[in-house]
2 protein chains.
Amino acid sequence: MDSSSTRRQATRQKLYEAAVTLIAEQGFSATTVDEIAERAGVAKGTVYYNFKSKTELFEELLRHGVGLLTASLQAAADETAERGGTKVEALDAMIRAGLDFIHRYPAFTQLYVAELWRTNRAWQSTLLVVRREAVAVVETVLRDAVAEGELSEEIDIPLTAAALVGMVLVAALDWQAFQSERSLDDVHAALSRLLHGRVSGR
Amino acid sequence: MDSSSTRRQATRQKLYEAAVTLIAEQGFSATTVDEIAERAGVAKGTVYYNFKSKTELFEELLRHGVGLLTASLQAAADETAERGGTKVEALDAMIRAGLDFIHRYPAFTQLYVAELWRTNRAWQSTLLVVRREAVAVVETVLRDAVAEGELSEEIDIPLTAAALVGMVLVAALDWQAFQSERSLDDVHAALSRLLHGRVSGR
DNA sequence: TATTTTGAACTGACTGGTCAGTACAAAAGA
DNA sequence: TCTTTTGTACTGACCAGTCAGTTCAAAATA
């Protein structure tokens with residue numbers, strides 16, 4: 001179950017990579033299992049040897065991807081804390097980490113956004129769990145920041161967390177799709193400015 | 001061309017309404033024309049009498065919906081201007097208008113977000129045009145605000161516009177899907193606070 | 001007024017193609 | 001030897017789009 005699973009693991013990885021780009025481009029239903037297999041350089045039977053169904057492949061892909069994202073957000077927060085930075089600095093580092101992630105895995109992000117708010121879909125419950133994990137990381141830092149007096153006590157933590165995540169998500173996807181000539185630093189600067197309230201005034 | 005087109009218009013409207021919820025829930029490819037027809041209380045043939053194809057129905061639906069959105073954003077900006085309000089007040093009014101829109105047409109918003117960043121899809125060019133219209137309204141107000149000294153000259157207009165739109169979009173969808181007990185005023189207040197930079201500090 | 005005609009709008013059974021999932025024998029690792 | 005992958009062929013369900021036929025309100029005619 002270990003020496004042998006290395007090979008399986010590699011096959012699964014290839015399938016994830018093939019599936020994520022195809023589904024991001026075309027959507028889940030418009031993507032065929034034959035396409036995924038072909039792009040992964042694998043026989044169709046192998047897909048079904050490794051995953052119970054097309055839906056299950058997709059659900060595991062979601063778990064896999066969001067796991068990477070939360071890990072990288074958490075790492076950014078932790079590193080800032082170790083360095084003795086403020087909580088607002090931690091938020092800033094997380095924005096950066098989020099942008100990095102989206103830059104590295106654009107297809108995954110696309111697919112996540114496209115599916116997140118759908119109702120009545122098979123993987124809805126998976127998504128709910130996975131979203132909570134990701135948002136929780138942001139909410140925790142916000143809560144700490146309020147506790148330490150860095151942020152106003154009047155902010156609404158769940159709503160502000162959602163707004164911040166949305167800001168990063170949409171700005172990054174837009175950057176990707178419509179303004180790809182801008183640098184990551186530009187995007188980061190614009191978002192950082194909003195976070196610090198340096199938009200209004202002079 | 002008027003008395004006769006009334007009936008067609010009514011049928012088309014029914015088809016839009018049926019299609020928008022189904023596609024928001026399930027996605028374009030997973031939604032069948034039979035389902036749309038049934039939900040609209042119309043025979044399948046009627047769909048094809050009124051629209052060239054499933055894709056064309058969807059594209060017209062997109063144009064229809066984004067038209068409503070830009071109109072309401074523009075109206076909010078204009079009203080503020082007439083009242084002699086500042087540009088930042090206009091932005092605030094637009095946030096409100098955006099939230100209202102999403103509240104009224106949640107399914108359309110869902111569907112728009114889900115499709116916007118997909119590449120390689122038939123309606124990509126339609127979306128591009130339609131997105132530009134919507135974002136342009138925000139960018140114009142931002143530009144005016146900078147010109148009148150209300151906002152810092154250092155802000156990056158396209159990126160900030162995208163971030164603001166994203167903030168509203170995602171916060172509203174999240175509110176809808178995961179925090180529906182909150183009031184529209186709560187959501188508006190949280191976003192307004194971010195816009196005015198009253199997050200940090202006390 | 002009573003009748004016939006017209007044509008836009010609508011209907012629903014049907015078709016041809018597509019695709020998820022299965023089967024399985026043989027080959028390739030490990 | 002045991003696990004994993006391959007490749008090909010197959011099935012049955014599902015679905016976009018078609019088309020011959022129906023409906024009906026309003027216009028034309030008598």
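Below, chains carry the letters A, B, ... as their sequence lines are ordered, and counting in each starts from 1.
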Q | Phosphate OP1/OP2 of C:dC10: any B:Thr11 side-chain N/O under 4.0 Å | A | yes
Q: Rounded off to whole Å, could you give me the CD-to-P distance for the B:Glu35 and D:dC14 pair?
A: 12 Å
Q: Would you mind reading off the distance between B:Ile36 atom CD1 and D:dA16 atom C1', rounded to a whole angstrom?
A: 11 Å
Q) Checking all strands, does A:Thr31 fall into the base, sugar-phosphate, or nothing category for heavy-atom contacts under 4.0 angstrom? A) sugar-phosphate
Q: Under 4.0 Å between any heavy atoms, over every strand shown, what does B:Val47 touch: base, sugar-phosphate, or nothing? Just pick one.
A: nothing
Q. Rounding to a whole Å, what distance do you find between A:Tyr48:OH and D:dA9:P?
A. 19 Å
Q: Check every atom of C:dT11, D:dG7, C:dG21 against the side chain of A:Lys54 and return the nucleotide holding the closest atom.
A: C:dG21
Q: May I ask you to check whether A:Trp123 and A:Glu115 show a side-chain donor-acceptor distance below 3.5 Å?
A: yes
Q | A:Arg8 side-chain N/O to D:dT4 phosphate OP1/OP2 under 4.0 Å | A | yes
Q) Between atom CG in A:Asp34 and atom C1' in D:dT6, what is the gap in whole Å? A) 14 Å
Q. Is there a donor and acceptor pair closer than 3.5 Å between the side chain of B:Lys44 and the base of D:dG17?
A. yes
Q | Residues B:Gln26 and B:Thr31: side-chain donor-acceptor under 3.5 angstrom | A | yes
**Q.** Spacing between A:Gln26 atom CD and C:dC19 atom P, to the nearest angstrom
**A.** 10 Å
Q: Return the value, rounded to whole Å, for the distance between atom NZ of B:Lys52 and atom P of D:dA16.
A: 16 Å
Q | Within 6.0 angstrom of A:Glu154 CD, more than 12 heavy atoms from elsewhere | A | no
Q: Using distance alone, with no hydrogens and no angle criterion, decide if A:Thr160 and B:Arg193 have a side-chain donor and acceptor under 3.5 Å apart.
A: no
Q: Would you indicate, yes or no, if C:dA8 has its OP1 or OP2 atom less than 4.0 angstrom from a side-chain nitrogen or oxygen of B:Asn50?
A: no
(Q) Without decimals, in angstroms, what is the distance between A:Phe51 CZ and C:dT22 C1'? (A) 18 Å
Q) What's the CZ-P distance between B:Arg12 and C:dA8, to the nearest Å? A) 15 Å
Q. Does the side chain of B:Tyr49 get closer than 4.0 angstrom to OP1 or OP2 of C:dA9 through an N or O atom?
A. yes
Q. Within less than 4.0 Å of OP1 or OP2 of D:dT6, is there a side-chain N or O belonging to A:Thr46?
A. yes
Q: Look at atom CD of B:Gln13 and say whether more than 12 heavy atoms of other residues, nucleotides or ligands are closer to it than 6.0 Å.
A: yes
